[in-house]
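The structure under discussion appears below in the form of structure tokens.
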Number of protein chains: 2
Amino acid sequence: MVRKPTSKEAARKPNMREAILAAAEELFATNGFNAVSVRDIAQAAGANPGSVTYHFKTKDGLLLEIYRRHCGPMNLRRSELLAAAKRVRDLQDRLEAIVRAYVVPAFTSGSDLAGGGARFTRLRAVMSAEGNEVARKIIAQTFDDTSHAFIDAVHESLPHIPRTDIVWRSHFLLGALYYSLVTPERVSRLSRGEADGSDAACAIEQLVQATVAAFQAPALDQAAPARRRPVVGSKA
Amino acid sequence: MVRKPTSKEAARKPNMREAILAAAEELFATNGFNAVSVRDIAQAAGANPGSVTYHFKTKDGLLLEIYRRHCGPMNLRRSELLAAAKRVRDLQDRLEAIVRAYVVPAFTSGSDLAGGGARFTRLRAVMSAEGNEVARKIIAQTFDDTSHAFIDAVHESLPHIPRTDIVWRSHFLLGALYYSLVTPERVSRLSRGEADGSDAACAIEQLVQATVAAFQAPALDQAAPARRRPVVGSKA
DNA sequence: TGATCTTTTGTACGATAGTACAAATCTCAT
DNA sequence: ATGAGATTTGTACTATCGTACAAAAGATCA
């Protein structure tokens, strides 16, 4: 037997630390940070409230650890897929592959950590909406590199589109991605059962196709106003 | 009895009820429902905590009233704009006008109630992310009609696209819309200051153009798999 | 003016929040 | 087996939560 696993992990035994992380992830992702108490998490994990304090010190620390667990693997996966996508010859296919490299890791397991990236992405969406400070800091310093790499890659595929437009459109992509994971049932409801919002594969295909088309839209003239203003007179 | 000065001319006198509503709207929209206490709201409105109970009975009641205040006017405005949009002759212009009819009221003041629809839309985004029950009920029964009318109108402009695809793409639109209002600073950051995420007019133009292009994307073959799978082998 | 209704204030209560901490329990190399 | 360190448990403390409620203050009209 090896020296000592000490504070690492023993996967062979029910690991309380992991159980707490998984429970917290699920609860935070569905109810938000503030609506979930440490006691809720402990109960869902079959643990004692004090155990959470022991492992993560504070509730913020718990959230921080969830991010730490997922950010690395997910960004790594995105980098790999992005690198592969950039090698695609055909321009149209390359753009699609780039978008896919961004979308797929968000939906599927980026690391098989506690059951998949979709839950973590949903968590990010919720934290972003709640304006959570802990999440905001981590996100900005962890995902901005990836986002820039993605934006640059798209821009290389579409050199005639201003970078500003690419930024906006990739922002829309992330919003659509988040919302698809937050309220999938709305898709089922509005399609009157014809579509399943929870079907990740379907969501990915729809999102990728729509996003590719959005990226390929003609550039916006920033100086000149829109070519016309058909109906709306927006005032405020 | 007829009381003239109370509810009608109240604009010149500090109306506590309105002040509480405005403060709650702002705080909920930026911090989420659970992170904001009744005392926070009262303090921001310059009122007494008991006053909130008096006017709205419960915290949920306060949220409910915020929705009641905005849903009607915003949906009315959307209906008007949608009706006008449907009268546009040119097909491409009509689609754009339809999208604009959906987007503009969400960004600008739908009723000039307490300073604009953007704040209320941001509130809806946050409540949606938090899975707030009160909001979920109201949203489903208040906005689904509008959403269906919008989807139908888009579908009429693009008859060759399956309704399912339209539903997905309009879902993405709402997600992008929400996210633009929730974290506008991300656009500024990622564009390195070249774009201002808080510029509503700019956001509207970008969103409308991107969405029109997304709607016009070729239909997804639902039976057949994607024409290829360039890079990704998603497994989980 | 005084009577009556509406609104605001101040305070308090029970529930629950996050977290600290000591005791109990478990793990494992020796 | 045993002792040391790691983990879990149970409990308690303080702060804050939503809300109730009585008293004070303000408004309205005979």
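Chain A is the first sequence line, chain B the second, and so forth, proteins listed ahead of strands; every chain is numbered from 1.
- In this structure, CD of Glu18(B) is placed 12 Å from P of dT8(C), rounded to the nearest angstrom.
- Checking the phosphate oxygens (OP1, OP2) of dT8(C), a side-chain nitrogen or oxygen of His55(B) falls inside 4.0 Å.
- Whole-Å rounding puts the Arg17(B) CZ to dT6(C) C1' distance at 13 Å.
- Within the structure, a side-chain polar atom (N or O) of Ser37(A) is placed less than 4.0 Å from OP1 or OP2 of dA17(C).
- Salt bridge status for Glu80(B) with Arg77(B): absent, with no side-chain N to carboxylate O gap under 4.0 Å.
- Side-chain N/O atoms of Asn48(B) include none lying less than 4.0 angstrom from OP1 or OP2 on dT8(C).
- Both tests pass for Arg124(A) against the ring of Phe143(A): distance under 6.0 Å to the centre and angle within 45° of the axis.
- Checked against dT6(C), dT19(C), dT19(D), the side chain of Thr53(B) finds its nearest nucleotide in dT19(D).
- When the P atom of dT6(C) is taken as reference, atom CG of Asn15(B) falls 16 Å away, rounded to whole Å.
- The side chain of Tyr54(A) places an N or O atom within less than 4.0 Å of a non-bridging phosphate oxygen (OP1 or OP2) of dT7(D).
- When each of Arg119(B), Met127(B), Arg122(B) is tested with Phe28(B) by the rule side-chain contact (heavy atoms from CB on, under 4.5 Å), just one qualifies, namely Met127(B).
- The nearest whole Å value for the distance from the CD1 atom in Ile41(B) to the P atom in dC17(D) is 11 Å.
- Protein atom CG of Asn34(A) is 16 Å distant from nucleotide atom C1' of dA15(D), rounded to whole Å.
- Computed from coordinates, the Gln43(A) CD to dA17(C) C1' distance equals 15 Å when rounded to whole Å.
- For the pair Leu63(A) CG and dT19(C) P, the computed distance is 12 Å after rounding to whole Å.
- The side chain of Lys59(B) lies closest to dG18(D) when the candidates are dT19(C), dG18(D), dA20(C).
- Ser51(A) comes within 4.0 angstrom of a nucleotide base, judged by non-hydrogen atoms across all strands.
- Following rounding to the nearest Å, Met16(A) (CE) and dT27(C) (P) show an atom-to-atom distance of 12 Å.
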For residues 43-58 of chain A, which side-chain N or O atoms pair as donor and acceptor with protein atoms under 3.5 Å away, sequence neighbours left out?
from: Asn48(A); atom 1: OD1; to: Gly50(A); atom 2: N; distance (Å): 2.9
from: Thr58(A); atom 1: OG1; to: Asp60(A); atom 2: N; distance (Å): 3.4
from: Thr58(A); atom 1: OG1; to: Gly61(A); atom 2: N; distance (Å): 3.0

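- Here Arg69(A) does not pair with Glu25(A) in a salt bridge; the nearest charged N to carboxylate O distance is not below 4.0 Å.
- For Ala47(A) and Arg39(A), each mapped to the nucleotide of DNA chain D holding its nearest heavy atom, the one lying further toward the 5' end belongs to Ala47(A).
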